[in-house]
2 protein chains.
Amino acid sequence: MAQITLQDLAYELNISVSTVSKALKGYPDVSEKTRKLVIELADKLNFSPNVVASNLRTQHTKIIGVIVPTIVHHFFSNVIGGIINEAEKNGYMVILLQSNEDFEMEKKQLNLLVQQQVDGILISLTVETKNFEHLERIQQRGIPLVMYDKVAKAIDCSKVIIDDKKASYDAVSYLIRKGYKRIAYFGGSMVALNFSNRFLGYKQALEEYRIPFDDSLVYICDTSDEYNDGYNNASELIKKHGIIGVDAAFAVTDVIAVGITKYFNTHNISIPKDVAVFGFSNWFMSSVVTPPLSTVNQPGYEMGKKSIEILLKEIAQSKDKKEIVHERIVLPTTLEIRQST
Amino acid sequence: MAQITLQDLAYELNISVSTVSKALKGYPDVSEKTRKLVIELADKLNFSPNVVASNLRTQHTKIIGVIVPTIVHHFFSNVIGGIINEAEKNGYMVILLQSNEDFEMEKKQLNLLVQQQVDGILISLTVETKNFEHLERIQQRGIPLVMYDKVAKAIDCSKVIIDDKKASYDAVSYLIRKGYKRIAYFGGSMVALNFSNRFLGYKQALEEYRIPFDDSLVYICDTSDEYNDGYNNASELIKKHGIIGVDAAFAVTDVIAVGITKYFNTHNISIPKDVAVFGFSNWFMSSVVTPPLSTVNQPGYEMGKKSIEILLKEIAQSKDKKEIVHERIVLPTTLEIRQST
DNA sequence: TTGTAGGCGTTATCAC
DNA sequence: GTGATAACGCCTACAA
């Protein structure tokens, strides 16, 4: 079934293609009568404009590219939801790509997006990303770029993040103020900036409240199997310190915290009486485990929404050749206190 | 920063545009020497072909459109993951749209995808979708269309689904064989085909094992607040039947089941001793609640993967003008038996 | 082996 | 108010 084009309409009505085009786009300089005629026929024939032709002509695609480390992830799927909803409201569509935390993939995908002539790019970096030439190349091309969640300091562009250090500082301070003194830390690979910042927040809180930092309370979990690693490390923790050597555990993700919870629950360690547990992210799950988990509320949807808002603004600015000023948005996190602390 | 084009390369090398094009695309009829020259220069200048121009010319975009009811949903984000991974492996990109269970949105989005000249469309229908003209129009246009999860019988296209009726029949049969006789049903709106099928499976199992169907054991939960509605309906259930009038609850989603679990846990009703609980979907969460939930394993990733495999096949067939034969894939579900039953 | 030329469907400029 | 014409950047017969 051949697509029907402006030409077909023009031919049918015995007018020129340009008039048809103008009529359809509501240009003022076409008579009411012909406009009606055109629109009627277009409707009747179910005309659907070919946007790739239009894109070629107008030099923009109304498509934005989004790269995300992993889609199947409560936080990121929220981000994506925020991005897509907001994009659509503004007449943009989203091409979604998943880097799987693979640096080479990230580079390749950025190229694909460039070739696709996307109007802008939203990216959360992989953990591996230490070299930023591919990102610089995007900027040299003049394609607006906004980073979210996992960002690169070295690149001068708008960024939307949370303050990981502060968030974990807040959580740990809360624990301390509640009277907990021996607070274990369950982290993820320090290679990831987010995680190392959360560690910094942990240490800062200890310091500020003059609680000695104890290396033996720090456990690093494998991020690819957080639940079981949380469980196993909780077991290690208790083996080493017993129930009296530790009174709280701060985990850097909810899944780790849930693993810890599981271990405690199955080994007659009462939460929070024997040991309190604090998570990070506020996944739905954290509200339904027993006991419900105190956690850091990480605003994924807002992060997506804000990111694309900024991107869209920069796209507009760059089209108008206005100077674009980069923003750095730090979204507030809050503590969701439940029964585990 | 102006994009660099084939013309620029041609000019620079003093050869024709078509030779450059051929060289870049590895055509056999260009000399080794010029090919090298071209590729070198392209690399040096960081040339990136404009695929929208190419798309216009070749009449395909290597983009497929995906419409999903909701992104922030464990099952669907798995589906999306499967789609995107498989698409990328085959050189396709994905435009992701979210219908939010809104029929008008669905129609509009389908139009957007048509205008965008996507090579194919993957869709899971909204609950509201009772009229299928918009889908027929897609097919009239000759755009390959595959439906997954929520499909329309009336439309003749490939479909990838699970057998909801059988899955719930299996679950309930399992309960019966385990000795449970008073099995409550916690469903979702019967307007949704998936849910009404699950209800049918429930009834079929009862029938087959000659257990009388009892209306008062059926509870319909509000799908927009499953957790609380599961909780509240569990309360209703116990209010009406007490602990002796019911010995199991089959819920049509894991979230409902978790709500039920919560109610039982907080009201000293022992799972599974007093009442067993069975869920549906096998979200991660179901494995970490207390007690771990028996549930139906619903293969989201595979559904996405299979859907796009079929779509890609049909795209190829339609390009080759081969006759395309529609498939109907019913992905197997399994029972994940844990400690709640 | 290389080049010429036409066209994909739309939009924008400029004449009429 | 309308229409002719020239791009946008690439691909591909076909010709040289």
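Naming: A, B, ... by sequence-line order, numbering from 1 per chain. What you are looking at is a predicted structure, and each value in this text was computed from that prediction instead of being measured.
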*Looking at B/Y27, does any N or O in its side chain come under 4.0 Å of the phosphate oxygens OP1/OP2 on D/dT12?*
yes

*Want to settle it: does B/S48 or B/K22 sit nearer the 5' end of DNA chain D, counting the closest nucleotide to each?*
B/S48

*asked:* Categorize A/L6 for me: base, sugar-phosphate, or nothing, with a 4.0 angstrom heavy-atom threshold over every strand shown.
replied: base

*Using a heavy-atom cut-off of under 4.0 Å over every strand shown, decide if A/N50 touches base, sugar-phosphate, or nothing.*
sugar-phosphate

*Is A/S18 touching bases, backbone alone, or none of the nucleic acid, heavy atoms closer than 4.0 Å?*
base

*Report yes if a side-chain nitrogen or oxygen of A/S54 is closer than 4.0 Å to either non-bridging phosphate oxygen (OP1 or OP2) of C/dT10; otherwise report no.*
no

*Within the pair B/T34 and C/dT2, is there a side-chain N or O less than 4.0 Å away from OP1 or OP2?*
yes

*When you measure from the side chain of A/N46 to the backbone N and O of A/S48, does any donor-acceptor pair fall under 3.5 Å?*
no

*asked:* Aromatic contact between A/F103 and A/H134, with the criterion being ring centroids under 6.0 Å apart: yes or no?
replied: yes

*Would you say A/S158's side chain and A/E327's backbone share a donor-acceptor pair under 3.5 angstrom?*
yes

_Taking 4.0 Å as the cut-off, does a side-chain nitrogen or oxygen of A/T5 come that near to OP1 or OP2 on C/dG9?_
no

_A/Q117 CD to D/dG9 C1', straight-line distance once rounded to whole Å_ = 9 Å

*asked:* Heavy atoms from C-beta onward define the side chain here; which of C/dT2, C/dG9, D/dT2 lies closest to that of B/S31?
replied: C/dT2

*Give a yes/no on whether any side-chain N or O of A/Q7 is located under 4.0 angstrom from OP1 or OP2 of C/dT10.*
no

_Distance, rounded to the nearest Å, where A/L37 contributes CG and D/dT2 contributes C1'_ = 14 Å

*asked:* Of the options D/dG3, C/dT2, D/dC10, whose atoms approach the side-chain atoms of B/V30 most closely?
replied: C/dT2

_Within 6.0 angstrom of B/Q317 CD, more than 12 heavy atoms from elsewhere_ = yes

*Consider the side chain of A/T58, meaning its heavy atoms from C-beta on, and name the nucleotide among C/dG3, C/dT11, D/dC10 that approaches it most closely.*
C/dT11

